[in-house]
Q: 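Below: one structure in C-alpha cells.
Below, read A as the first sequence line, B as the second, and so on, with proteins coming before strands; counting in each chain starts at 1.
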2 protein chains.
Amino acid sequence: MDAKAKHGKDYQEHIDALREVQSVAALRDAFATSLKNLGVSWFTYGGLRLPRTGRTDPVIITTYPDEWSRHYNENRYYETDAVVRSGFQNFLPFRWDTLPLRPKQKRIMSEASEFKIASGLSVPIHGPSGEFALLSVASEMPAADFERVLNESRHHIHVMSLYYHAMINDMFAPDQTVEAIELSPREAEVLSWTSEGKTAWEIGEILGISERTVVFHIENAKQKLGVFNKNQAVVKAIMLGLLKP
Amino acid sequence: MDAKAKHGKDYQEHIDALREVQSVAALRDAFATSLKNLGVSWFTYGGLRLPRTGRTDPVIITTYPDEWSRHYNENRYYETDAVVRSGFQNFLPFRWDTLPLRPKQKRIMSEASEFKIASGLSVPIHGPSGEFALLSVASEMPAADFERVLNESRHHIHVMSLYYHAMINDMFAPDQTVEAIELSPREAEVLSWTSEGKTAWEIGEILGISERTVVFHIENAKQKLGVFNKNQAVVKAIMLGLLKP
DNA sequence: CCGGGGACTGGCAGTTCTTACAGGCTCTCT
DNA sequence: AGAGAGCCTGTAAGAACTGCCAGTCCCCGG
C-alpha cells in the first residue's frame, strides 16, 4: 500500500523535478537518480535526429561504463545494433529480450553482457519533422527480475523518457525564433501531389488548372520554405508537417 | 492516501485492459470509461496519417456530441483548428487554453463551448514513417477545474493515448507482411543528398564519382522502393526511415 | 572457380524542371 | 475604397532528370 502510494507520488514529482532542471548535466543526474530508485542501473539517450536543434550529428548522453561506451562507438555498433534499428521502426517501448537478433547483433548483445549490461528497455521517441531519439534503460538483473521491475515502472519510465527528450531538445535548440512557415492551401496541395511523384502537368490535370500554375505554386512554396528546388521543398514541407495527404 | 493508491493501480490496469480489447468499438468504450473515472467527458482520436494501414483518409473516433462532430466536419474545421495545427508541430500534450488563437480559430473554440466543450488537452502522437495522430480529451469544466484534473492525471492520459493509438494502428494495419526494403549504403547516401536538394552532378562532386553513377544509384533506389521518380523515392525513403542525414 | 551483387562508367533521345519575363481576377481586412 | 494575399495564365531557353542501351572491377559465398 505504502509502496504504491509512494510510487504514484514519485510519478508526478520525478517528472516535475525533471522539468525544473537547468543544465544537461543536472538533467542527466536527476534522471539517473530517478531510475536508481526504480532499480535501474544505467540509461543512454541518443538524440539521433533533432531537426529543431539544427544539428546533424547525434546527441549522446549515457551513464554506461566508459569502457563499454568507447568500445561501442569505436566499432560503430550503432549502425548494427538491433536496439537502434528497432527504435527507428517501433512506436512503443520494447524489451531487448523480445528482439529477433541476427548473428552480428547477437554478438553485440553478448559483448554488452560482459559489462554486466544484461537486460534493457528502450523507448523510441518520434517527434514532429522526423525527429527521432532513443532512450534505453538497462540493468544487470536477469531478464525475469527486470521484467518484474518493468511491470511496476514501465509507464513511468516511458513518460519520463518523453519529457527527458523534450528537455534535451529544448536545451539544444537555443533561440526559438523559428517564425512559423505557412503554406497557402493551394501550395500545400500541389506539394502534396508532388510528394507522390506527380509531374507538374499531371497535377494540373488533377486540379483542373494549367501546368504553368502548378509551377507557380511550387515556386511560391520554394520561396516560403527558403529552398532551391522541388525535392528540397517537398522534404522540408514534410519535415515541418505542412502537408496533409 | 487511498485515492493515490487507487490511482496508481488504475494506471497500470486501465492500460492493460485496453490492450486486451479486440474491437474498435470496445476500445472506444473502454477508453471512454477510463476517462470518465478521471472526470473527463469526451475524447476524440484522429489518426491523420497512418502509413502502416495504407489509408490516406483519416481515422476519426469520437465521443463528442453528434451535432458538434457533424458541424465540425461540414465546415472543415480540421483545416483551421488550432488544436490540430499545434498537434502537428508539438511533441508533448498541451492544454487548449495555452494556445495562441487567430480570429477564425477563436470562433471555432467559442462554437465548441456552445456544445459545452469548454476545456481540453490534446496528445500529439508521432510515430515512425511520419505517422501522426491526435488524441484530444475534453471536459465541460472551466479551465481552472480541468487543470486540477490534469495535475492528477495528465501523464495517465498521455500514456493511455499512446497505447490507444498503437492499438488502433494495429487494428487497421491488417497483415504486417511488409517485407523490409533495404537500400545499399551508396543508395542511401545518394538519396540523402538528393533530399537536401543537391543535383546529381553536385552529388557526384561531393562523393567523388561521376554524375552518371549517381543517377545509377538513384535508379536502383527507385526500383527497390517501387516508385517512378526521384521525389517519390526521397519521400518514401524518409517515410521508411532509411535515410540518416 | 564461378555466379551474383554492389559500385562504378559511358552515351543518347525524350521529358520535365527551373527561372526569367509579363499580365489579370477575386477575396479579406482596414 | 485601397492594400495585400492568394490564385490563375502565358512564352521560352537552358539545365536537370528519365529510361534504355552498353560495359568493367571487386568481393563474397557456394
Q: Between C:dC17 atom C1' and A:K222 atom NZ, what is the distance in whole Å?
A: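 Rounded to the whole Å, the gap is 8 Å.
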Q: Mind calculating the distance between CD (B:E211) and P (D:dA16) to the nearest angstrom?
A: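 The answer, rounded to whole Å, is 8 Å.
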Q: Select base, sugar-phosphate, or nothing to describe what A:T213 touches, counting heavy atoms under 4.0 Å on all strands.
A: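 Base, at least one base atom sits under 4.0 Å.
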Q: Nearest to the side chain of A:K230, which nucleotide is it out of D:dG6, D:dC7, C:dC17?
A: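 Closest nucleotide to the A:K230 side chain: C:dC17.
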Q: Is the ring pair B:F115/B:W68 parallel, tilted or perpendicular, if the boundaries are 30 and 60 degrees?
A: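 B:F115 vs B:W68 ring planes: tilted.
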Q: 5'-most contact on DNA chain D: A:I209 or B:K198, nearest heavy atom basis?
A: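 Nearer the 5' end of the strand: A:I209.
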Q: Send over the distance from A:E187 CD to D:dC7 P, rounded to a whole Å.
A: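 Taking atom P of D:dC7 as the reference, CD of A:E187 is at 6 Å.
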Q: I want to know whether A:Y72 and A:Y64 have ring centres closer than 6.0 Å.
A: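 Distance test on ring centres: not under 6.0 Å, no.
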Q: How many Å lie between CZ on B:F228 and C1' on C:dC17, as a whole number?
A: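 Going from CZ in B:F228 over to C1' in C:dC17 covers 20 Å.
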Q: May I ask you to verify if any side-chain N or O of B:T199 is less than 4.0 angstrom from the OP1 or OP2 atom of D:dA15?
A: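 For B:T199, the contact criterion (side-chain N or O under 4.0 Å from OP1 or OP2 of D:dA15) is not met.
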Q: Under 4.0 Å between any heavy atoms, over every strand shown, what does A:S210 touch: base, sugar-phosphate, or nothing? Just pick one.
A: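 A:S210: backbone/sugar contact only, no base atoms under 4.0 Å.
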Q: A:V215 side chain: which of D:dG6, C:dA7, C:dT18 is closest?
A: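 Nearest nucleotide to the side chain: C:dT18.
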Q: Please determine whether a side-chain nitrogen or oxygen atom of A:H217 lies at a distance below 4.0 Å from atom OP1 or OP2 of D:dC8.
A: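 The answer is yes; a side-chain N or O of A:H217 sits under 4.0 Å from OP1 or OP2.
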Q: Please report the interatomic distance CG(B:L92) to NE2(A:H165), rounded to the nearest 0.5 Å.
A: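 So the gap between those two atoms works out to 8.5 Å.
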Q: Write down the distance between CG (A:N220) and P (D:dA5), rounded to a whole number of angstrom.
A: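 It works out to 12 Å between those atoms.
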Q: Does atom CD of B:E205 have more than 12 heavy-atom neighbours, drawn from other residues, nucleotides or ligands, at distances under 6.0 Å?
A: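 Correct, the count exceeds 12.
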Q: Aromatic rings B:Y164 and B:F31: how do their planes relate, parallel, tilted or perpendicular, breaks at 30° and 60°?
A: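 Plane angle between 30° and 60°, so tilted.
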Q: Rounded to whole angstroms, how far apart are CG on A:N229 and C1' on C:dT18?
A: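 Value for this atom pair: 9 Å.
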Q: What integer distance in Å separates B:Q232:CD from D:dG19:P?
A: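 The distance from CD of B:Q232 to P of D:dG19 comes to 11 Å, rounded to the nearest Å.
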Q: Please tell me which of B:G208 and A:F216 maps to the more 5' nucleotide of DNA chain C, matching each residue to the nucleotide holding its nearest heavy atom.
A: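 Here B:G208 is the residue nearer the 5' end.
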Q: Over how many whole Å does the gap from A:N231 atom CG to C:dT18 atom C1' extend?
A: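 In whole Å, C:dT18 C1' lies 12 Å from A:N231 CG.
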Q: Could you please name the option among C:dT19, D:dC17, C:dT9 that lies closest to any side-chain atom of A:E219?
A: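 Within the option list, the nearest is C:dT19.
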Q: Please pick, from D:dC7, C:dG6, C:dT9, the nucleotide with the shortest atom-to-atom distance to any side-chain atom of A:S184.
A: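 Ranking D:dC7, C:dG6, C:dT9 by closest atom to the A:S184 side chain puts D:dC7 first.
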Q: Assess whether one donor atom and one acceptor atom, taken from the side chain of B:R212 and the base of C:dG11, lie less than 3.5 Å apart.
A: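 Side chain to base: pair present.
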